[in-house]
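One structure is given here, and the rest of the page talks about it.
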Protein chains: 2
Amino acid sequence: MDITRRDIHSLDIPVLCKSCDVRHKGMCGALAPEELLQLSRQTRQIEQPAGTELVGESTDVDAYDNVMSGVVKLSKTLEDGRQQIIGLQFAPDLVGRLYASESPMTAEAASDITICRVPKATLERLVERNPVLRKRLMDQALRELDEARDWMVTLGRKTAAEKVASLLLLIATHLDPDARGETRVFDLPMSRLDIADYLGLTIETVSRQFSRLKSDGIITITANRHIEIVNLARLKKRCG
Amino acid sequence: MDITRRDIHSLDIPVLCKSCDVRHKGMCGALAPEELLQLSRQTRQIEQPAGTELVGESTDVDAYDNVMSGVVKLSKTLEDGRQQIIGLQFAPDLVGRLYASESPMTAEAASDITICRVPKATLERLVERNPVLRKRLMDQALRELDEARDWMVTLGRKTAAEKVASLLLLIATHLDPDARGETRVFDLPMSRLDIADYLGLTIETVSRQFSRLKSDGIITITANRHIEIVNLARLKKRCG
DNA sequence: GGGCCGCCTTGATCAAGGTCAAGCCGGATG
DNA sequence: CATCCGGCTTGACCTTGATCAAGGCGGCCC
């Protein structure tokens, strides 16, 4: 469904389109990046290096960030510094939420990212007027809930080996979604520390598990970040 | 706001009411039990003993269950039998969801419960027509997402002692919400196995942590289930 | 009462994963 | 080139929590 100039100005556009139905997932990943850019003259595209903290998750948000490339990590920290990553947002997910969370959370670029920043008021007005978008946002919230609950099983009941295998599979699914056959190739979008914080492990344990997968011939690693899954079936068997 | 007979029949009633705003939380806990009962002649109130599995979470749901007393546990199980409880629903939460989850989940009575069962079609029609209810459902979904993410920190980064303390605090909050001062009294609505499965531990570890809290003078336990938190401040300090 | 069963506790031992420490590697910098 | 630094790996050792095993306690049934 095409977006007309009039639609854009009224901020009441229909946002269903083929590409959305296929690709979009995540909390609020309901708009294609291109749509978002067209949506409002207040919308800006921004590049951020890895490590940058994003606004948009705290109570006084004034913008939502649509991830256009790279990966954003959401995390929570205990008082003594222990950290847990509670979600990864891949393109084209939208970071930030309608009706902000009351419990503190940080959003940070895990890799270098490009984001598309939309003023809070703009998006919320759009949501209020557009039932299709609203329905899609509800679906996305429920899907994020599902993902969080699935990951709770990983955190609570899987071994270190199973956790690492599960993460590789998750990333492969997002970064190499159309691949067929028994191999997958991608660059890890995050450091060992991030991986450990996502899995509830230490960097040493993560590193040892990578080495084991390597010596078992299931993956190859080059330049610390470039992963090739050589035998997908065997990796899946290790996910518990 | 009162519910009139005409409203009930049109299934387009406003559902905001003082008691709701104050007490309701959880995925879809947007209706007061009394409202729900009045809502439709198809709504039935049912009693279930602990251990009963509820329908309502699988793909072919045909009903939603509003918890009126007791606690319902939501869980996921790995192929080899390892189980993780991924959420607890206290009265007056609503179990089941609009647009069912695709990843398998089980809902089971943790304690003896009373539920109020609403036909799926009835509730969904109501949601479609009632913007206030819809907004509240969205809020509840986001709140459940928050709760899941908070629990991910507990599962991934807390020690056994901190996990048990966190759970006691969580249950106290729900079952003895209006209490003041340094003590809380309640009956555990779940077995040691359920507790272990919620915390990602074994029953032995849970039991040992209870014994330790007891011998440290932070709680007292009688009849295995009756808990008195003697020193709330010290319990909170142990939550990490 | 006696025996059984489910649920919980306690103790002894074990192993998965954490901690501490050393060293590697590649890129940046002088 | 040498050096430094951050991120990663590897090894040695230790701690936490799992596992295995025994026993307690209360309810229930004969």
Side-chain angles (χ1 to χ4, degrees), chain A residues 49-51 73 78 80-84 108-112 154-168 187-216 219-227 238 240, chain B residues 49-51 73 78 80-84 110-112 154-168 187-216 219-227 238 240:
Chain A
K73 62 186 187 196
L78 293 173
D80 62 4
R82 281 175 286 175
Q83 195 172 52
Q84 178 67 46
E108 198 177 319
S111 63
D112 294 342
T154 300
L155 288 173
R157 287 298 180 206
K158 290 190 185 177
T159 65
E162 291 167 339
K163 285 178 177 182
V164 170
S166 301
L167 178 69
L168 287 178
D187 286 317
L188 280 176
M190 59 210 299
S191 69
R192 296 290 188 275
L193 182 58
D194 285 340
I195 293 173
D197 282 345
Y198 195 33
L199 297 173
L201 299 170
T202 59
I203 46 172
E204 293 93 333
T205 299
V206 170
S207 181
R208 279 185 250 272
Q209 294 303 332
F210 273 142
S211 300
R212 205 167 137 238
L213 286 171
K214 214 166 37 175
S215 70
D216 287 355
I219 63 172
T220 62
I221 308 182
T222 45
N224 275 343
R225 293 281 190 110
H226 189 76
I227 303 277
R238 301 209 175 186
Chain B
K73 61 187 187 195
L78 293 174
D80 62 3
R82 281 175 287 174
Q83 196 173 53
Q84 177 68 45
S111 63
D112 294 341
T154 300
L155 288 174
R157 286 299 180 206
K158 290 189 184 176
T159 64
E162 291 166 341
K163 286 178 176 180
V164 170
S166 301
L167 178 70
L168 287 178
D187 285 316
L188 281 177
M190 59 210 299
S191 69
R192 297 290 189 274
L193 182 59
D194 284 341
I195 293 173
D197 282 345
Y198 195 33
L199 297 172
L201 299 170
T202 59
I203 46 173
E204 293 94 332
T205 300
V206 170
S207 180
R208 279 185 249 271
Q209 295 303 331
F210 274 142
S211 300
R212 202 166 140 238
L213 286 171
K214 213 166 37 174
S215 71
D216 287 354
I219 63 171
T220 62
I221 308 182
T222 45
N224 276 343
R225 293 282 189 111
H226 188 77
I227 304 277
R238 300 208 176 188

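In the text below, chain A, chain B and the rest are named by the order of the sequence lines, each starting its count at 1.
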Heavy-atom closest contact (A:K163 atom, A:L199 atom, distance):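 In this case the closest contact between A:K163 and A:L199 is NZ-O, 3.0 Å.
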
Partner residues of [X] under the side-chain hydrogen bond (donor to acceptor under 3.5 Å, both in side chains) criterion, sequence neighbours left out:
X	value
A:D216	A:R238
A:T205	A:T202
A:D187	A:H226
B:T220	none

Indicate for each nucleotide in nucleotides 7-22 of chain C, in 5' to 3' sequence, whether protein heavy atoms under 4.0 Å reach the base (B), only the sugar-phosphate (S), or nothing (-). -SBBBB----SSBB--

Between A:S211 and A:S207, is there a donor-acceptor pair closer than 3.5 Å when you use the side chain of the first and the backbone of the second?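 Checked: pair present.
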
Close N or O pairs between protein and nucleotides 27-29 of chain C (under 3.5 Å):
none

Of all pairs that satisfy salt bridge (Lys or Arg N to Asp or Glu O under 4.0 Å), the ones with a partner from residues 192-211 of chain B, not counting sequence neighbours: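 Output for this query lists A:R157-B:D197, B:K73-B:D194.
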
